[in-house]
Amino acid sequence: LLVWWLVLTPLTFFFVRFVFRTQRIELSTGTAWHVRPAPKILICLLLVWGMKSLVDYQIHKSTGEGVATPMRSDEFHPYLQNTMLPGKSSFGTNWWGYRGAQIERTKPEGTFRIFTLGGSTTASMPIPLAETYPERLASHLRDYYPTARIEVQNAACEWHTTQHSLIKLLSDIRDFQPDVVICFHAINDLCRSLTPDLFARGAYREDWRHYRGSVAALARPQDGRWPIVRMRLGYCFSDLLMHRVRIDGPDGDGVRGMTMAFLPKAEEVEYGDWKSLRAFRRNLEDICLVCQEAGIELILASQPFLYRDDLTEHERSLLWTPISHQWDGKRVSVRSMIRGMQAFNAATVDVARERGVGHVDLEAAMPKTLEYMYDDVHYTVKACELIAERVFEHLRAAGTIEARLARHAGKGGCRDDRHPGDLRLLSRQRRGARRRWRGGGGRPGGALHAQEARRGLPAARRRLVPR
């Protein structure tokens with residue numbers, strides 16, 4: 001600050017003296033001009049206006065027409081806040097806005113179709129489409145089942161939570177008749193517990209309306225202008241006033257040319273009031289219910305993260321979430337982030353066990369090193385391959401694809417023979433079983449839940465309900 005004062009003070013003095021004094025300019029022809037303060041002030045105002053317009057244009061461009069995503073890969077959506085830009089070959093998105101090959105809404109006969117749900121960790125925008133985990137999973141499945149027609153669509157999107165995934169599943173994905181849906185969330189849902197200065201307004205709300213996320217700059221553009229300028233121009237003040245956050249990207253060269261950001265320094269505090277955990281669990285349970293009633297095989301997975309107690313100084317400089325989600329000069333400590341992520345992953349395991357759906361423990365499988373993650377939770381190409389392998393092993397061991405293809409071929413029962421009335425009856429019986437068990441102080445287990453649901457169904461259709 002002293003250096004800045006010593007430099008700026010004389011510069012400001014000479015600039016003000018130049019502007020407010022009349023200068024006499026004499027040409028070689030002998031003609032003399034007197035430049036008075038008024039035109040100089042006007043020129044200065046025009047320069048300031050031009051600079052402001054340039055900054056506003058760059059902010060508008062960097063937030064993707066009001067949607068803040070580093071890759072500028074999204075567009076505004078009235079219900080989901082942001083969705084992937086459809087039909088962009090540079091991002092690998094098809095007409096539906098999913099990363100993957102173009103598909104028809106009506107599933108061709110004999111096709112095994114998988115959809116993946118999640119946030120930016122699944123969308124993997126900085127990674128080429130062919131190296132993302134859904135595409136690597138499709139490659140493993142096609143190699144193992146060379147005669148099967150397999151389609152994998154990546155329906156994840158940056159900033160999205162379980163609430164976004166539930167809306168997408170109900171309003172769109174279900175119509176594509178997927179055989180399997182793979183879903184893992186944690187970090188974005190965890191962040192909804194916070195009220196960060198950059199992305200939220202007001203106190204925590206159970207429906208998460210306080211958290212504006214990707215559309216914060218669109219909701220109140222005047223509030224987003226200075227923070228974005230500061231994040232880009234904070235280099236000179238970072239040692240005293242700013243935290244410098246490195247953005248390495250999966251290849252070590254940043255994300256779309258951005259290699260670091262600067263945010264105000266904040267005090268690290270312990271935090272454990274994860275208010276959004278209840279809504280997270282509720283959303284997962286609803287996703288399970290929607291998939292079960294639609295006859296979709298659901299696989300939930302825990303989310304890997306870099307947070308460790310023994311992070312190196314370089315690793316700490318890559319942690320984006322705690323610093324960007326600071327509030328009132330405070331930020332969540334690394335230890336608190338560890339406990340928070342463990343709580344959300346534990347909730348995923350509990351929901352999978354109680355609802356009788358598949359679960360893959362990716363958090364335990366992935367080493368917490370920069371070889372697999374380039375920041376808090378975003379994954380490198382090597383990590384995408386590991387995720388694909390673990391999900392493939394789960395599908396192969398469970399025999400999911402063989403069973404589904406047999407149904408499509410008319411062996412062992414056809415999926416289309418599910419009577420809508422039976423599905424409604426099954427849903428009512430499941431809800432009744434949950435109420436009875438909870439009223440008795442217990443919680444329905446997977447096997448008892450299925451037995452309860454099987455009662456009353458016609459004998460010819462009981463095979464549709466898992467034992």
inquiry  = Please determine whether side chain to side chain contact (heavy atoms under 4.5 Å, CB included) holds for the pair Q153 and T116, giving the CA-CA distance in whole Å, both sets of side-chain angles, and the decisive distance to 0.1 Å.
reply    = CA-CA 6 Å; Q153 295 287 300; T116 63; over 6 Å; no
>> Assess the residue pair F112 and Y145 against the criterion (ring-ring contact (aromatic ring centres under 6.0 Å, His included)); give the C-alpha distance rounded to whole Å, side-chain angles, the decisive distance to 0.1 Å, and a yes or no.
In response: CA-CA 11 Å; F112 186 83; Y145 304 98; 8.0 Å; no
- Task: List the steps and the verdict of side chain to side chain contact (heavy atoms under 4.5 Å, CB included) for I182 and V180.
- Result: CA-CA 7 Å; I182 304 164; V180 172; 4.0 Å; yes
| task | Report the C-alpha separation of H378 and S120 in whole Å, then their side-chain angles, then the decisive distance to 0.1 Å, and conclude whether the side chain to side chain donor-acceptor pair (under 3.5 Å) test is met. | result | CA-CA 7 Å; H378 294 102; S120 56; 2.6 Å; yes
Q: Please assess D375 against T321 for the test side chain to side chain contact (heavy atoms under 4.5 Å, CB included), listing each intermediate value before the final yes or no.
A: CA-CA 9 Å; D375 63 11; T321 302; over 6 Å; no
Query raised in the report: Between C157 and L80, is a side chain to side chain contact (heavy atoms under 4.5 Å, CB included) present by the stated rule, with each step listed?
Result: CA-CA 10 Å; C157 187; L80 296 169; over 6 Å; no
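Judged by distance alone, the side chain of S336 and the main-chain N or O of V332 form no donor-acceptor pair under 3.5 Å. Side chain of H325 to main chain of L198: no donor-acceptor pair is present (N/O by atom type, distance under 3.5 Å, no hydrogens or angles). The backbone N or O of R174 lies less than 3.5 Å from no partner atom in the side chain of D172, so there is not a single donor-acceptor pair. Judged by distance alone, the side chain of H243 and the main-chain N or O of L263 form no donor-acceptor pair under 3.5 Å. Judged by distance alone, with hydrogens and angles left aside, the side-chain atoms of W96 form a donor-acceptor pair with the main-chain N or O of I103 at under 3.5 Å. Distance alone, capped at 3.5 Å, places no donor-acceptor pair between the S124 side chain and the T132 backbone. Put simply, the side chain of D248 never gets that close to the backbone of G254: no donor and acceptor are under 3.5 Å apart. Under a 3.5 Å cut-off, the side chain of S317 and the backbone N or O of V245 do not form any donor-acceptor pair. Under the 3.5 Å distance criterion, the side-chain polar atoms of S324 are matched with a main-chain donor or acceptor of W320. In this structure a side-chain-to-backbone donor-acceptor pair under 3.5 Å is missing from H185 to L190.
Side-chain contact between L306 and L311 is present, with at least one heavy-atom pair separated by less than 4.5 Å. A heavy-atom distance below 4.5 Å is not found between the side chains of S193 and L277. With a 4.5 Å cut-off on side-chain heavy atoms, R201 and R209 do not count as touching. At least one side-chain heavy atom of I114 sits under 4.5 Å from a side-chain heavy atom of L141. Counting only heavy atoms from C-beta outward, the side chains of W208 and Q163 approach each other to under 4.5 Å. The shortest side-chain heavy-atom distance between R355 and Q292 falls under the 4.5 Å cut-off. Contact annotation: the side chain of F280 never approaches that of T161 to less than 4.5 Å [non-hydrogen atoms, C-beta and beyond]. Using a 4.5 Å heavy-atom threshold, the side chains of I127 and C384 count as touching.
Under the side-chain hydrogen bond (donor to acceptor under 3.5 Å, both in side chains) test applied with Q303, the options N345, T121, T348 reduce to a single match, T121. Checked options E393, E389, E385; the residue passing with H140 is E385 (criterion: side-chain hydrogen bond (donor to acceptor under 3.5 Å, both in side chains)).
Here the SG-CG distance, from C288 to L300, works out to 5.0 Å after rounding to the nearest 0.5 Å. In this structure, the separation between CZ on R316 and CD1 on I323 is 10.0 Å, given to the nearest 0.5 Å. One finds the CG atom of D376 at 5.0 Å from the CG atom of L319 (value rounded to the nearest 0.5 Å). With values rounded to the nearest 0.5 angstrom, I296 atom CD1 is found 5.5 Å from L169 atom CG. Distance check: T122 OG1 to F184 CZ gives 3.5 Å after rounding to the nearest 0.5 Å. Atom-to-atom distance recorded for S302:OG and D361:CG is 4.0 Å, nearest 0.5 angstrom.
Within 6.0 Å of NZ on K275 lie more than 12 heavy atoms contributed by other residues, nucleotides or ligands. Within 6.0 Å of the CD atom in E104, the count of heavy atoms belonging to other residues, nucleotides or ligands does not exceed 12. Enclosure of atom CD in E109 is not indicated, since only 12 or fewer non-hydrogen atoms of other residues, nucleotides or ligands lie within 6.0 angstrom. The local environment of CZ in R278 is sparse, with at most 12 non-hydrogen atoms from other residues, nucleotides or ligands closer than 6.0 Å.
A donor-acceptor pair shorter than 3.5 Å cannot be found between the side chains of D189 and S276.
Ring pair Y379/Y374: centre-to-centre distance not below 6.0 Å. For Y271 and W274, the ring centers are positioned less than 6.0 Å apart. Note: W159 and F199 meet the aromatic proximity criterion, with ring centroids under 6.0 Å apart.
In this structure, K368 is positioned above the aromatic face of F305, its NZ or CZ under 6.0 Å from the six-membered ring centre and within 45° of the axis.
In this structure, A155 and K168 approach most closely via the heavy-atom pair O-NZ, 2.6 Å. Closest approach of M366 and P304 over heavy atoms only: SD-CB, 3.6 Å. The heavy-atom pair separating M337 from Y307 by the smallest distance is CE-OH, 3.3 Å. Residues C291 and V181 share a closest heavy-atom pair of SG-CB, 4.4 Å. Among all heavy-atom pairs drawn from Q81 and R212, the shortest one is NE2-O, 3.4 Å. The two residues N188 and G119 come nearest to each other via the heavy atoms ND2-CA, 4.0 Å.
Residues R339 and E270 are paired through a salt bridge, judged by an N-O separation under 4.0 Å between the basic side chain and the carboxylate. Ionic pairing of D179 and K107 is present here: one or more N-O contacts between side-chain nitrogen and carboxylate oxygen are shorter than 4.0 angstrom. In this structure, E371 pairs ionically with K382, as a charged nitrogen and a carboxylate oxygen lie closer than 4.0 Å. Under 4.0 Å is where a charged nitrogen must lie from a carboxylate oxygen, and between R281 and E354 at least one such pair does. Under a 4.0 Å N-O distance rule, the pair E315/R308 qualifies as a salt bridge.
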